[in-house]
**Student:** 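After the structure tokens below, expect a handful of questions from me.
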Amino acid sequence: MIQPPSGPVPWDKDFAQKLLFDMLRIRRMEEKCAELYGAQKIRGFLHLYIGEEACAVGALHAILPEDNIVATYREHGHALVRGVSMDVIMAEMFGKAAGCSRGRGGSMHLFDAATRFFGGNAIVGGGLPLAIGFGLADKLQKRQVVTACFFGEGAMAEGAFHESMNLAALWQLPVLFCCENNLYAMGTALARSEAQTDLCAKAASYAVPTLKADGMDVVAVHEAMKLAVAHVRDGLGPFFLELQTYRFRAHSMFDPELYRDKAEVEEWKTRGPLHTFSARLKAEGKLTEEEFLVFDAQANAEVQAAVEFAEAAAWEPVEDLLKDVYSP
Amino acid sequence: MKMTYREAVRQAMREALAADPRVFLMGEDVGRYGGTYACSKGFLEEFGPERIRDTPLSELGFVGAGIGAALGGLRPIVEVMTVNFSLLALDQIVNTAAALRHMSGGQFSVPLVLRMATGAGRQLAAQHSHSLENWYAHIPGIRVLAPATIADARGMLAPALADPDPVVIFEHAQLYNLEGELPDDWHCDIASAAVRREGTDISLITYGGSLPKTLAAAEQLAAEGIQAEVIDLRVLRPLDTDTLAASLRKTHKAVVVDEGWRSGSLAAEVMARIVEQCFFDLDAPVARVCSEEVPIPYAKHMEEAALPQVPKIVAAAKQVTGK
Ligand SMILES: Cc1ncc(C[n+]2csc(CCOP(=O)(O)OP(=O)(O)O)c2C)c(N)n1
């Protein structure tokens, strides 16, 4: 297994601050979403990413605009870091026509062609075969593009995962499998669903190189992701990256969380990606408390504007119901 | 006794588990999570992990395992979270469970009960909202049930488990919170349709999550002087056409209400049967109210517009009765 680098934050101040800011944007946006869910502005299923922000932020900053992203139903953070505006993400969650999926997808189905953000998939494992297809298309058309596919450890029990890994390896496709291992698939702990809990070992059985990184540490994620992306972009075939993380909130807003201890959650919270990274930057002289407060105020202002945008946005007229079932 | 549909499902399972050691429940998050719709809450403590089995995310794998367990002498109740996810297990259900008896010249039967939630109405968007009951009703070799009342939710499981063949039970997600009186005699068969409301002017034929809407429509129609008879199909395969024909002979008019998409819907099948069997009893063309032909959207107003609703049922019934 390839080892990710460790040590002090190996980035300049601007880049480090940018990643911190993006984590803050996700956090503040989602805290607002939880509140809006309570106010019944956002409905349906809502899966929050709180606690896992370092994964999307660290990973997606290692990716280029021409690359493809495939994500799951816990994808607000990925969409945001990828460059989908908070306004249209929020409008989508409100179900407004200005949303990135015209209000037809909601929280679980964010899509954005401009940023090559391909969902937004609520069938566990459903995005993986799609990523294989992107990889095949890019390889055949000789594009040096990477398809990064995000999924949870739960998806690794699905046949779709195995079939996809096998095809990616067999055809040496430029697909980067990013497993966000938050230890639970709804209420099912990893050890209760997998005979082999070493996820990299599972992936390695397909002769795919693997790397494990601390998903609570944005530095570790980003550095590991850079190695993984370089491997894939150089035409060396697929790569499997395990990001070890934890969600601080329930699986969805419907989840009473009967399956895990409060103490366990509290323990993981001490490793929260936002405060550990900001503390580290402060210690290294790359961030002041004042700067942090400015970032936080900016993130909150962006959230406020997004909510106002979504509130003011129009509903799609019912006459358009049958639009976009087939292409014109 | 007053209870919810969810509680009725729960009691039925609890009774089955207590009555027969061969019965066990298997599916994603049925144990520690308590069941996604809380239908098996507390079962893990009561019956233990051998009989309340949490499975990995492997619909194909665990549905197939249920088939094997049934063949091996057990009486599995396999829960698939929603019909949408059952598509990952279609091969096992269609190519194995439904076909095995026939393929083996009658040697093996598969006493499997497969439960799944179905239907829209909770703004969960396309991948969590579809009504694919009709796909299952198309397949010979399985029995397909759609309990729409608290009594049926309570009563259908035991005969389903006693059936030597695979039975698929669809529980509409909108019904779990339905509250009502459980009648003293909730026992039921799994062969016949039920008349939920007597009427003489028109037959409204429906099933599952559309029953409450259809009953509400019948009330509105009554206020306007149209007496609708409401038939609950309950058993989607094999269809009980006798009950339909009896109703048609009385009312001579029909509207079929089905949350499936119009094209190739169960409503289409019911209409075909009415035409085949009751053509000369009909006083008007048969009409139907189905879902619009669109993947179910997230936005509330669009979701509502896509689904059969009380005003649409009322309008269709008025059109058919010419009132
Ligand atoms: C095929 C399929 N089966 C079941 C579900 C219900 N479900 C939604 S999320 C989830 C847990 C998935 O866990 P994991 O892949 O680890 O991702 P996480 O939610 O932890 O990010 C389940 C079982 C689904 N959406 N799709």
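Chain letters run A, B, ... following the sequence lines, proteins first and then strands; every chain starts at 1.
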**Student:** Check whether any side-chain heavy atom of A:Met108 lies under 4.5 Å from a side-chain heavy atom of B:Gln127, and answer yes or no.
**Tutor:**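 Side chain of A:Met108 against side chain of B:Gln127, heavy atoms only: no contact under 4.5 Å found.
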**Student:** With a 4.5 angstrom heavy-atom cut-off, which part of B:His301 approaches chain A: side chain, backbone, both or neither?
**Tutor:**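 Its backbone and side chain both get close to chain A.
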**Student:** Considering only heavy atoms and a distance below 4.5 Å, find which of B:Arg122, B:Met302, B:Glu303, B:Glu304 pairs most often with chain A.
**Tutor:**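 Highest number of heavy-atom pairs under 4.5 Å: B:Met302.
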**Student:** Give, as side chain, backbone, both or neither, the part of A:Leu190 having an atom under 4.5 angstrom from any heavy atom of chain B.
**Tutor:**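 For A:Leu190, neither part sits under 4.5 Å from chain B.
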**Student:** In residues 36-44 of chain B, which residues are in contact with chain A at a heavy-atom separation under 4.5 Å?
**Tutor:**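 So the qualifying residues are B:Thr36, B:Lys41.
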**Student:** Is any side-chain heavy atom of A:Met186 less than 4.5 Å from a side-chain heavy atom of B:Met81?
**Tutor:**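 In contact.
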**Student:** Which of these passes side chain to side chain contact (heavy atoms under 4.5 Å, CB included) with B:Pro297: A:Asp324, A:Leu321, A:Asp320?
**Tutor:**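 So the option named by the test is A:Leu321.
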**Student:** Taking the six-membered ring for Trp, is the centroid-to-centroid distance between B:Tyr298 and A:His109 below 6.0 Å?
**Tutor:**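 No, ring centres 6.0 Å or more apart.
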**Student:** Is A:Ala160 in contact with chain B via its backbone, its side chain, both, or neither, using a 4.5 Å heavy-atom distance?
**Tutor:**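 For A:Ala160, neither part sits under 4.5 Å from chain B.
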**Student:** When heavy-atom pairs shorter than 4.5 Å are enumerated against chain A, which of B:Val294, B:Leu88, B:Ile296 gives the highest number?
**Tutor:**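 Of the candidates given, the most pairs with chain A belong to B:Val294.
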**Student:** In the structure I gave you, are the side-chain heavy atoms of B:Glu28 and A:Thr188 within less than 4.5 Å of one another anywhere?
**Tutor:**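 No, too far: nothing below the 4.5 Å cut-off.
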**Student:** Quick check: under 4.5 Å, non-hydrogen atoms only, which of residues 251-258 of chain A neighbour chain B?
**Tutor:**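 Against chain B, the residues of residues 251-258 of chain A that fall inside the cut-off (heavy atoms, under 4.5 Å) are A:Phe254, A:Asp255, A:Pro256, A:Leu258.
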**Student:** Less than 4.5 Å apart, any side-chain heavy atom of A:Val325 and any of B:Glu293?
**Tutor:**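 Not in contact.
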